[in-house]
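Accompanying notes for the structure given below.
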Amino acid sequence: MNPLDAARAAFREHFGTEPALLVRTPGRVNLIGEHTDYNGLPVLPFAIDRITAIAAAPSPEPALEAVSLGFEPPARLPLDADPAAVPEPWHRYLAAVLAVLRPAAPLQGVRLAIASDIPPASGLSSSSALSVGMLITLDALLSLGLPHGTLAELAARAERLAGAETGGMDQRVIACARERTLLRIDFLPPAMRTIPVPPGWSFVVASSGLPAPKGGTAREAYNERVVGTRIAAALLADMLGAELEDVPILGNVAAIDAAPVLVDELPARISARRAAAAAGVPLERLVTLSAGTFDPETSIPVRAYARHVLAEAERVDLACAAVEAADLPALGELLLASHASLRDDYRCSTPALDALVTAMHRAGAAGARLTGAGFGGFAVAVCEMGRESRVIEAAVRAAGGPAFAVTPSAGAGLA
Ligand code: NG1
């Protein structure tokens, strides 16, 4: 059963009435531009033809009641629930969405049934599909009329409250994507540009066999990179004599010609406490996260992290040019270079992801790389149309699957 029919049926079964509306929210693949968004640097993702569906109706009770076919147990949360006090991880996302919407509107009770065919903990953004879908649902039920760009921003804020200091790529592409196009997203200043996919190109995604969970050690590892790149930005700004207000990010210094050269002068490892003293910035700017504080004593490999982020931002520019020129081999090389940088400098690949990327490339893909935050999850490959089945077979042989072709699809909306 497709997720829309499954969500509708689950709603009927659980609440005994018909839903008032249905929302469809796609997952996404990030083609290139990994770990650049929270540095204010560009990304090039697209929405996929796998969706989360939400069937919803207003409720007479002043509560959010939700049932999910993918996650147990069902949720019943007061409308003023504090996400930090909600123990069940998937309920925390629901509570975080209520929390970010509260200042915008008086909330009313709602009933939801959720079904999805986006593999969870895959790097294909099932979490953002849920948060964006919830916001579209509540926006419609409460007749708020908020633009999709605003809903994407609120969804990113909600996910930060739920624990991962996300940069905002996933929520924007899921809310704003168009069919058969990639979406280049810039953050400084904010901008979006669709880039049509040349005819005859195909994309394949494949599991590495290990999940990329949003909680626990993977969240710690993600937040360590957020803090590590803030440290690098603060130290580079100090070397360049640039004044940074607020939280330092590499996007603030990336456009300064000397920055890439000075990366080699950064310490190989340093803690936030020592870096704050050296760069003369308040420690809180480096370690404060939306959901807590990062340990200021942890020693972080900031030079390698900065090297990856600055080079990856350049690869996004080159990848946009390659797609616009319909140059598949050039795009493939950029994907392979991105993967090598994520493996060697950003240290967020795994042996299974490396083997998967090699297998898909050998099977005829022009290029492949891990997609999403890494530490497990999926890889993406680009190939000529007609070669998908060989790439998929090689991926399944290397890592056990699932592996499937994905089509750049439209963003979220009412079904
Ligand atoms: P995943 O792990 O694929 O959901 C995460 C972040 C993105 C981005 C990528 C790395 C969330 C919700 N998303 O994506 O914003 O930073 O890692 O490029 O945390």
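Counting begins at 1 with the first residue of the sequence. Atoms within a ligand are numbered from 1 in the order they appear, just like the ligands themselves.
Residue Gly167 places a heavy atom less than 4.0 Å from ligand 1.
Residues Asp344 and His308 have side chains that never bring a donor and an acceptor to within less than 3.5 angstrom of each other. Of the N and O atoms on the side chains of Thr166 and Glu159, not one donor lies less than 3.5 Å from an acceptor on the other residue. A donor-acceptor contact under 3.5 angstrom links the side chains of Arg369 and Ser338, judged on distance only.
Contact annotation for Arg28 and ligand 1: only side-chain heavy atoms (C-beta onward) come within less than 4.0 Å of the ligand. Under 4.0 Å from ligand 1, heavy atoms of Glu34 appear from its side chain as well as its backbone.
Within the 3.5 Å criterion, the main-chain N or O of Phe203 finds no donor-acceptor partner in the side chain of Glu388. Checked by atom type and distance alone, the side chain of Arg92 pairs as donor or acceptor with a backbone atom of Pro87 at under 3.5 Å.
Here the protein heavy atom with the shortest distance to atom 13 (N) of ligand 1 is Asp170 OD2, 2.8 Å. With hydrogens left out, the protein atom closest to atom 12 (C) of ligand 1 is Glu159 OE1, 3.1 Å, a heavy atom. Annotation: atom 7 (C) of ligand 1 to nearest protein heavy atom, Asp37 OD2, 3.4 Å. Protein heavy atom nearest atom 2 (O) of ligand 1, with residue, atom name and distance: Lys214 NZ, 2.9 Å. At the top of the distance list for atom 6 (C) of ligand 1, counting protein heavy atoms only, stands Tyr222 OH, 3.3 Å.
Interface atoms of ligand 1 facing Gly123, defined by a heavy-atom separation under 4.0 Å, are 3 (O). Applying the 4.0 Å criterion to heavy atoms of Gly372 picks out, from ligand 1, the atoms 3 (O). Applying the 4.0 Å criterion to heavy atoms of Tyr38 picks out, from ligand 1, the atoms 16 (O).
For residues 129-182, no residue pair satisfies the ring pair (Phe, Tyr, Trp, His ring centres under 6.0 Å) rule, not counting sequence neighbours.
Ring geometry for Tyr38 versus Tyr222: interplanar angle over 60°, hence perpendicular rather than tilted (30 to 60°). By the 30° and 60° cut-offs, the orientation of the rings of His35 relative to Phe375 is perpendicular.
Among the atoms of Ser128, none of the N or O lies under 3.5 angstrom from an N or O of ligand 1.
Comparing heavy-atom distances from atom 19 (O) of ligand 1 across Asn30, Thr166, Thr371 singles out Thr166 as nearest.
Scanning for side chain to side chain contact (heavy atoms under 4.5 Å, CB included) contacts around Glu243 gives an empty result, with sequence neighbours left out.
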